[in-house]
Amino acid sequence: MSPKELISRLQKAFEIRDEEFIALKASKTKNPFEVLVATVLSQNTTDKNSFRALNNLKKIYKITPEALAKADVKEIEQAIRPAGLYRQKARVIKELAVNLTNGKLNKILSMDGESAREVLKSLRGVGPKTADVVLLMTANYPTFPVDTHVMRVSKRLGLVPEDANYEEARRFLMEFFSPEDYLKGHLLLIKLGRTYCKARNPKCESCPLSDICPKIGVRE
DNA sequence: TGCCAGGCCGGGT
DNA sequence: ACCCGGCATGGC
């Protein structure tokens, strides 16, 4: 199945309009630091819990490097507890804030894509997935973040080899989809993973891609 | 009720 | 270059 067809089928199945993707990206682009903080909070955490944590944090501090650089780590910890891993994340957020004052993040994001990616990954608490989300959402660099859902779903669908690691999976997905579809592809695969293609008890019977999924045995 | 959630790090091989 | 334990709350 072609990448375009895959996307249009998923988009239809989940009833998402193009404008929603556009609006989402527009809403993120203007505040990269907030995207970074939100993405750190989302690490290995459900979106509900990470939103709670971010909202708690917003009640106490402006989500800017300047405000959080002066913040008390203990206060950050208490605010973001619902996200789990909260001591690590609080320390990471504080350190990111300290290191990214004076518009440093915007400077990083204005570099060429791969350089920006490497610099982001060199920051504590920022791995490939977080770097890719920030780049995809806030920079003009089409990359394909691979989270746990994307990895699982891509392997089951046969878009990515079973034994692929992060970088390999990213490569395969970047080759399969065209750059203007990375955002859609990323979000739609996550949606598919959360809704049908779950780690446990996947709902293959009602899955919109069951007819083309090798895992369910109906062949290509 | 144990397992998973939009990971990452540090240490060990 | 991989592999693994640790980190931690909340939901099903």
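Quick note on labels: first sequence line is chain A, next is B, and so on, each numbered from 1. In what follows, every heavy atom counts, from backbone to side chain, and hydrogens, waters and symmetry copies are set aside. Note that the structure is a prediction, hence the values are computed from the model and not measured.
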Of the listed nucleotides B:dA5, B:dC8, B:dG10, the one nearest the side chain of A:K129 = B:dC8
pair_partner(C:dA8), Watson-Crick or wobble, both distances < 3.5 Å, evaluates to none
Starting at the 5' end of DNA chain B, which residue's closest nucleotide do you reach first, A:N49 or A:K121?
-> A:N49
Would one find a side-chain N or O of A:R87 under 4.0 angstrom from OP1 or OP2 of C:dA8?
-> yes
Has A:K104 got more than 12 heavy atoms of other residues, nucleotides or ligands less than 6.0 Å from its NZ?
-> yes
Determine whether more than 12 heavy atoms belonging to other residues, nucleotides or ligands lie under 6.0 Å from atom CZ of A:F172.
-> no
From the list B:dA5, B:dG7, B:dC9, which nucleotide is the closest neighbour of the side chain of A:Q43?
-> B:dG7
Between C:dG6 and B:dG6 - P atom distance, rounded Å = 23 Å
Among C:dC7, B:dC9, B:dG6, which is the nearest nucleotide to the side chain of A:D47?
-> B:dG6
In Watson-Crick or G-U wobble terms, with both distances under 3.5 Å, the base opposite B:dT1 is none
For the side chain of A:R152, starting at C-beta, report the closest nucleotide among B:dC4, B:dA5, B:dG7.
-> B:dA5
Please say whether more than 12 non-hydrogen atoms of neighbouring residues, nucleotides or ligands are located less than 6.0 Å from CD in A:E19.
-> yes
Could you state the atom-to-atom distance from NZ of A:K198 to C1' of B:dG2 in whole Å?
-> 16 Å
Would you say B:dG10 has OP1 or OP2 under 4.0 Å from some side-chain N or O of A:R124?
-> yes
Between C:dG11 (P) and A:N201 (CG): distance, integer Å = 20 Å
What nucleotide among B:dG7, B:dC4, B:dG6 has an atom nearest to a side-chain atom of A:L85?
-> B:dG7
Does A:R52 or A:T45 map to a spot on DNA chain C nearer the 5' end, using the closest nucleotide for each?
-> A:T45
Separation between the P atoms of B:dT1 and C:dA8, rounded to whole Å | 25 Å
A:V133, nearest nucleotide to its side chain (from C:dG6, B:dG6, C:dT9) = B:dG6
What about the rings of A:Y182 and A:F144, do their centers lie closer together than 6.0 Å?
-> yes
To the side chain of A:N44, which of B:dG6, B:dA5, C:dG10 is closest?
-> B:dA5
When you get a sec, tell me which of C:dA8, C:dG10, B:dG6 is the closest nucleotide to the side chain of A:Y86?
-> C:dA8
With distance as the sole criterion, is a donor-acceptor pair present between the side chains of A:K89 and A:T45 under 3.5 Å?
-> yes
